[in-house]
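To start, the structure itself, in structure tokens.
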Amino acid sequence: MTMKRKIIMDCDPGVDDAVALAFAAAHQEAFELLAITTVSGNQSIEKVTRNALNLVDFYKLDIPVARGMAEPITRVPVYAERTHGETGLGHCVLPVSSRCAEEEHAVMYLRNILSALPGNEKITLVATGPLTNLAMLLKLFPEVKGKIREIVFMGGAACGGNITPCAEFNSYTDPEAAKIVFHSGVPLVMCGLDATMKCTLTRRQVAKLCQSGDKVAKACGDMAGFSLENTSSKYRGEISIHDVVPYMYLIHPEIFTVKPAILDVDCSEGISRGATLCDFRWWKHEEGELDSFVLMDADKSKFQEYLITALYELGEALYGKKEGLDQ
Ligand code: BDR
Ligand code: CA
């Protein structure tokens with residue numbers, strides 16, 4: 001029997017973070033979801049934490065939520081309201097959960113959970129927001145590094161950007177945090193725009209999710225539909241569901257092209273602030289240094305098939321079968 005991978009989700013839900021949680025919730029045969037930690041990013045820390053609590057109930061996860069950093073390390077927050085809407089979840093209105101966030105701050109929560117792990121057990125941290133919480137954790141409590149199996153994160157790009165011509169939103173929002181994480185020595189997998197821009201849902205697929213009688217599929221469709229129609233994605237006719245990619249990679253690595261690289265990020269105040277640098281010159285580095293990887297490409301149709309199937313399966317498992325659903 002293969003052991004489930006223990007996972008903590010560090011996120012800023014956020015439309016695609018919320019779809020990613022659904023995908024992860026649909027794969028509990030592979031993932032043991034231990035907790036969610038929230039970070040300021042797509043919306044304020046209050047809103048993303050509220051969304052995380054509501055999502056935990058909606059996906060019937062029953063895991064703790066710890067509220068994290070309310071601001072990037074050196075800068076004021078930049079929210080992504082146009083993509084994620086005023087609440088952070090687009091057109092989707094979830095039932096309000098009576099759950100409360102943990103009393104402990106997310107950074108302390110992470111530290112406690114990691115340091116309490118028995119023996120040689122390790123946890124995978126999946127980060128789909130700015131890396132602020134994880135940077136604070138690694139700076140304040142470097143002794144937990146050995147308990148982190150790897151950090152698989154959505155952020156950055158080997159080439160190009162989305163919030164600026166050369167920077168991706170999560171790395172742009174807190175490049176200082178990204179730098180701390182990149183230089184921490186913890187094994188990393190960067191799921192950046194090179195792959196995530198291929199990991200889309202089309203307008204037709206989103207419309208079908210919205211029209212389905214499946215509660216989870218409809219909620220995800222309502223979220224993705226907002227981002228699709230309120231941003232320049234409407235001209236592409238498809239919307240990238242970036243934050244699903246780290247989880248998809250852990251379940252289906254075969255649909256991605258992956259390259260080893262040493263990561264860095266531009267923390268200057270110039271026009272390339274937040275740009276990630278991927279050094280692919282493996283021959284310049286010692287073998288032990290090369291335990292970080294970058295996703296360079298993805299099989300779009302497999303991504304779509306696996307994601308859509310997972311959403312319907314989760315909806316059916318949680319809320320019962322609906323007639324006449326197709327993809
Ligand atoms: C990333 O930015 C956020 O708006 C999304 O949730 C995703 O994590 C994509 O650049
Ligand atoms: Ca996110």
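Counting starts at 1 for both ligands and their atoms, in listed order.
- The protein heavy-atom contact nearest to atom 10 (O) of ligand 1 is E168 OE2, 2.5 Å.
- One of the N, O or S atoms belonging to D12 lies under 3.0 Å away from the Ca ion (ligand 2).
- In this structure, a donor-acceptor pair under 3.5 Å is absent between the side chains of N170 and H242.
- Taking 3.0 Å as the threshold, T128 counts as a candidate ligand of the Ca ion (ligand 2), since one of its N, O or S atoms lies below it.
- Counting the atoms of ligand 1 from 1 in the order shown, those under 4.0 Å from a heavy atom of F169 are 2 (O), 3 (C), 4 (O), 10 (O).
- Shortest contact from atom 4 (O) of ligand 1 to any protein heavy atom: N42 OD1, 2.6 Å.
- Using a 4.0 Å cut-off between heavy atoms, T128 contacts ligand 1 through its backbone alone, with no side-chain atom that close.
- Under the 4.0 Å criterion applied to side-chain N and carboxylate O atoms, K198 and D297 are assigned as salt-bridge partners.
- Residue D243 has at least one heavy-atom neighbour below 4.0 Å for each of these atoms of ligand 1: 5 (C), 6 (O), 7 (C), 8 (O).
- In this structure, K60 satisfies the cation-pi test against Y319, with its NZ or CZ atom closer than 6.0 Å to the six-membered ring centre and inside 45 degrees of the ring normal.
- Residue-level proximity to ligand 1 for T83 is absent, since no heavy atom of it falls below 4.0 angstrom.
- At a heavy-atom distance under 4.0 Å, no atom of I163 approaches ligand 1.
- Under a 4.0 Å criterion applied to the non-hydrogen atoms of H242, ligand 1 contributes the atoms 9 (C).
- Using a cut-off of 4.0 Å between Lys/Arg side-chain N and Asp/Glu carboxylate O, K122 and E150 are scored as not salt-bridged.
- A cation-pi arrangement is absent between R5 and F31 under the rule of less than 6.0 angstrom and at most 45 degrees off the ring axis.
- Salt bridge absent: K179 and E176 never bring a charged side-chain N and a carboxylate O closer than 4.0 Å.
- No hydrogens or angles considered: nothing links the side chains of S301 and Q304 as a donor-acceptor pair under 3.5 Å.
- Among all protein heavy atoms, the one lying closest to atom 6 (O) of ligand 1 is D16 OD1, 2.5 Å.
- Ligand-side atoms of ligand 1 in range of N162: 9 (C), 10 (O), range being under 4.0 angstrom from any heavy atom.
- The OD1 atom of D17 and the OD2 atom of D243 subtend an angle of 70° at the Ca ion (ligand 2), given to the nearest 10 degrees.
- Aromatic rings of Y109 and H105 (six-membered ring for Trp) have centroids beyond the 6.0 Å cut-off, not under it.
- Under a 4.0 Å N-O distance rule, the pair K6/E32 qualifies as a salt bridge.
- Of all atoms in ligand 1, listed by their number and element, those nearer than 4.0 Å to a heavy atom of D17 are 6 (O).
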